[in-house]
Amino acid sequence: MFKAWSNLDDSRFVVEKISGGITNLLLKVSVKQENCIEETITVRLYGPNTEYIIDRQRELQATKYITAAGFGAKWLGIFGNGMVQSFINAQTLSPSDMREPKLASKIAKQLQRFHHVEIPGSKEPQLWNDVWKFFEKASVLEFDDSKMQKTYETISFKEVHDEIVELKGLCDLLKSPVIFAHNDLLSGNIMINYEEDKLYFIDYEYASYNYRGYDIGNHFAEYAGFECDYDLYPNMNEQYHFLRHYLKPERPQEVSEKDLETLYVEANTFSLASHVFWALWGLIQAKMSPIEFDYLGYFFLRYHEYKRQKEKYFLLARSYLSGCKNE
């Protein structure tokens, strides 16, 4: 197909912007023949300096197997700073869409299927490896802007270090199953075609083997959107609705209270890890990204939410673990 395209006149191409994400730009590229669209693909361009935070080789390997398993757009090829995929005729969700019960159940069922994708190679969970890599990079930054540098210097990286150690210790006790995770299931990475009733997960930049609780907890944290309105974090009833359809997609009402509690504790405890991960990510982006976004402010929003919820979810996890010991 691409060889044939190389011989076409530039006037035959129609290029439209689909979305401009923080780490990539999606373009819809079509070829027209006598005013009719003949063929359409998606071109994804990597954002500047994103290789500093994203393992593109890991992403590429994952993308091939994920799409082969029937998820998202088909992988067609790569080039220097991006990849080419088939075009999905669908629209991205908004954060408010994700909490709509019918869509929440669809996402849960799709996520359960996604977690069964098999990728060759190591199945070691990557969460803490990635957190420590981000920590090492985020803790030695220097900003040219004096105001940003002054704000950056208010961060106690000793405190952040100690918080990571404590949080990892608690999460490890939960023994959350290791699955293949999307790791970035925000609304912009979920698309739906309402006419065909088809749901798609896209963008596998952070996909890896990871903890079940982390992928779900991270998804719940994304209900808040980039504005970080954590009043929108799903309540227990909303979470239980999602978790029932995740655990038993065809018979959600048959899920036991014990299984619900276990996954509820996992998801909410690991949501704390999500805040730490993306807070550190924000610091690195504040230094490396040319995109106009308050990444430094994003660090504080995510880290402050971690500290605000820490006591509540540490108590939840410890009470659960204590109850398990007494059984």
Side-chain angles (χ1 to χ4, degrees), residues 19 21-22 91-108 110-111 131 151 154-155 159-160 163-164 167 170-171 174 181-192 199 201 206 211-246 260-261 263-283 285-286 292-320:
S19 67
I22 284 181
Q91 65 188 65
T92 54
L93 300 186
S94 67
S96 60
D97 290 331
M98 296 195 302
R99 70 187 321 114
E100 195 277 314
K102 185 177 179 181
L103 277 176
S105 63
K106 282 182 177 294
I107 295 168
Q110 185 88 312
L111 188 59
V131 165
T151 302
T154 66
I155 301 167
E159 177 190 288
V160 176
E163 292 291 347
I164 294 170
L167 178 59
L170 181 61
C171 287
L174 294 175
H182 187 286
N183 293 325
D184 191 24
L185 204 57
L186 72 167
S187 61
N189 286 339
I190 305 173
M191 302 185 75
I192 189 166
L199 190 77
F201 293 167
Y206 301 94
Y211 302 100
R212 175 181 71 172
Y214 177 76
D215 211 19
I216 296 173
N218 182 74
H219 174 64
F220 287 162
E222 293 296 349
Y223 277 47
F226 277 119
E227 295 77 18
C228 297
D229 182 359
Y230 290 107
D231 288 339
L232 299 177
Y233 189 78
N235 60 37
M236 178 181 279
N237 287 336
E238 290 172 320
Q239 290 192 37
Y240 269 28
H241 172 77
F242 183 98
L243 300 178
R244 284 191 179 95
H245 286 86
Y246 173 87
L260 271 178
E261 180 191 17
L263 192 45
Y264 178 78
V265 172
E266 279 182 35
N268 288 282
T269 308
F270 273 96
S271 72
L272 297 174
S274 169
H275 290 309
V276 173
F277 178 92
W278 293 110
L280 294 170
W281 172 92
L283 283 181
Q285 289 284 58
E292 290 188 17
F293 182 81
D294 185 11
Y295 292 107
L296 198 54
Y298 189 72
F299 164 82
F300 288 104
L301 285 171
R302 295 301 299 252
Y303 189 60
H304 287 165
E305 184 64 13
Y306 161 78
K307 291 199 289 187
R308 191 171 78 93
Q309 298 296 344
K310 176 186 174 182
E311 182 178 358
K312 175 182 177 180
Y313 291 132
F314 267 54
L315 178 60
L316 175 73
R318 287 169 175 159
S319 297
Y320 169 79

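Numbering starts at 1 and runs along the sequence shown.
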*Asks:* Enter the distance from His241:NE2 to Ser105:OG here, rounded to the nearest 0.5 Å.
*Replies:* 4.5 Å
*Asks:* Could you report the tightest heavy-atom contact between Pro234 and Gln239, atom names first, then the distance?
*Replies:*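 So the minimum-distance heavy-atom pair works out to O-NE2, 3.0 Å.
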*Asks:* Could you measure the distance from the CE atom of Met98 to the CZ atom of Phe242? Nearest 0.5 Å is fine.
*Replies:*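 Rounded to the nearest 0.5 Å, the CE-CZ separation comes out at 9.5 Å.
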*Asks:* Let me see the working for Leu93 and Ile107 under side chain to side chain contact (heavy atoms under 4.5 Å, CB included), right down to the final yes or no.
*Replies:* CA-CA 11 Å; Leu93 300 186; Ile107 295 168; 4.0 Å; yes
*Asks:* Can you name the nearest heavy-atom pair linking Asp184 to Asn189, along with the distance?
*Replies:* O-ND2, 2.9 Å
*Asks:* List the residues meeting side-chain contact (heavy atoms from CB on, under 4.5 Å) with Asp294, not counting sequence neighbours, and say none if there are none.
*Replies:*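 For Asp294 the side-chain contact (heavy atoms from CB on, under 4.5 Å) partners, ignoring immediate neighbours, are Leu296.
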*Asks:* Measure the shortest side-chain to side-chain distance between Ile164 and Leu280 over non-hydrogen atoms and say whether it is less than 4.5 angstrom.
*Replies:*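 Side-chain contact under 4.5 Å: yes.
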*Asks:* Contact between Asn183 and Phe277 at the side-chain level, heavy atoms closer than 4.5 Å - yes or no?
*Replies:*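 With C-beta onward as the side chain, the pair stays apart.
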*Asks:* Quick one: closest heavy-atom pair of Ala224 and Leu232, and the distance?
*Replies:*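 Heavy atoms only, the tightest pair is CA-CB, 4.3 Å.
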*Asks:* Before giving the answer on side chain to side chain contact (heavy atoms under 4.5 Å, CB included), spell out for Gln91 and Ile192 the whole-Å C-alpha distance, their side-chain angles and the decisive distance to 0.1 Å.
*Replies:* CA-CA 5 Å; Gln91 65 188 65; Ile192 189 166; 4.2 Å; yes
*Asks:* Tell me whether the rings of His275 and Tyr230 are parallel (<30°), tilted (30 to 60°) or perpendicular (>60°).
*Replies:*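 Perpendicular: the ring planes of His275 and Tyr230 meet at over 60°.
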*Asks:* Would you compute the distance between atom CZ of Arg99 and atom OH of Tyr233 and round it to the nearest 0.5 angstrom?
*Replies:*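 Answer for the CZ-OH pair, Arg99 versus Tyr233, is 11.5 Å.
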*Asks:* Got a second to check how far Tyr223's OH is from Leu186's CG, nearest 0.5 Å?
*Replies:* 12.5 Å
*Asks:* For the residue pair Leu263 and Arg212, establish whether any side-chain heavy-atom pair is separated by less than 4.5 Å.
*Replies:* yes
*Asks:* With sequence neighbours left out, what residues match Lys310 under side-chain contact (heavy atoms from CB on, under 4.5 Å)?
*Replies:*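 Scan of Lys310 (side-chain contact (heavy atoms from CB on, under 4.5 Å), adjacent residues dropped) gives Glu163, Glu166, Tyr306, Phe314.
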*Asks:* Please find the pair of heavy atoms, one from Ala317 and one from Val265, that lie closest to each other, and give the distance.
*Replies:* CA-CG1, 3.8 Å
*Asks:* Drop me the distance from Ile190's CD1 to Phe201's CZ, to the nearest 0.5 angstrom.
*Replies:*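 So the gap between those two atoms works out to 5.5 Å.
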*Asks:* Side chain to side chain contact (heavy atoms under 4.5 Å, CB included) between Glu222 and Leu185: does it pass, once the steps are laid out?
*Replies:* CA-CA 7 Å; Glu222 293 296 349; Leu185 204 57; over 6 Å; no
*Asks:* For a quick test of reading the model, state the closest non-hydrogen atom pair linking Thr92 to Gly188 and the distance between them.
*Replies:* CG2-O, 3.5 Å
*Asks:* Under the criterion side-chain hydrogen bond (donor to acceptor under 3.5 Å, both in side chains), which of Tyr295, Tyr206, Tyr298 is the partner of Trp281?
*Replies:* Tyr206
*Asks:* When you look at Phe299 and Ile155, which way does the side chain to side chain contact (heavy atoms under 4.5 Å, CB included) test go after all the steps?
*Replies:* CA-CA 10 Å; Phe299 164 82; Ile155 301 167; 3.6 Å; yes
*Asks:* Is the distance between the ring centroids of His219 and Tyr246 under 6.0 Å?
*Replies:* no
*Asks:* So, taking the atom named CZ in Phe270 and the one named OH in Tyr313, what distance separates them when rounded to the nearest 0.5 Å?
*Replies:*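 That separation rounds to 14.5 Å.
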*Asks:* Looking at Ala273 and Tyr214, what are the two nearest heavy atoms and their distance?
*Replies:* C-CE1, 4.0 Å
*Asks:* Return the set of residues passing salt bridge (charged side-chain N to carboxylate O under 4.0 Å, His left out) with Glu159 (not counting sequence neighbours), or none when no residue passes.
*Replies:*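 Testing Glu159 for salt bridge (charged side-chain N to carboxylate O under 4.0 Å, His left out), a comparison that skips the adjacent residues, returns Lys307.
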*Asks:* Does a side-chain heavy-atom distance below 4.5 Å link Thr151 with Phe300?
*Replies:*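 Yes, side chains in contact.
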*Asks:* Identify whether the distance between the nearest side-chain nitrogen and carboxylate oxygen of Arg302 and Glu305 falls below 4.0 Å.
*Replies:* no
*Asks:* For the pair Asp215 (side chain) and His182 (backbone), establish whether a donor and an acceptor sit closer than 3.5 Å, ignoring hydrogens and angles.
*Replies:* yes
*Asks:* List the steps, then state whether side-chain hydrogen bond (donor to acceptor under 3.5 Å, both in side chains) holds for Ser271 with Asn268.
*Replies:* CA-CA 5 Å; Ser271 72; Asn268 288 282; 4.9 Å; no
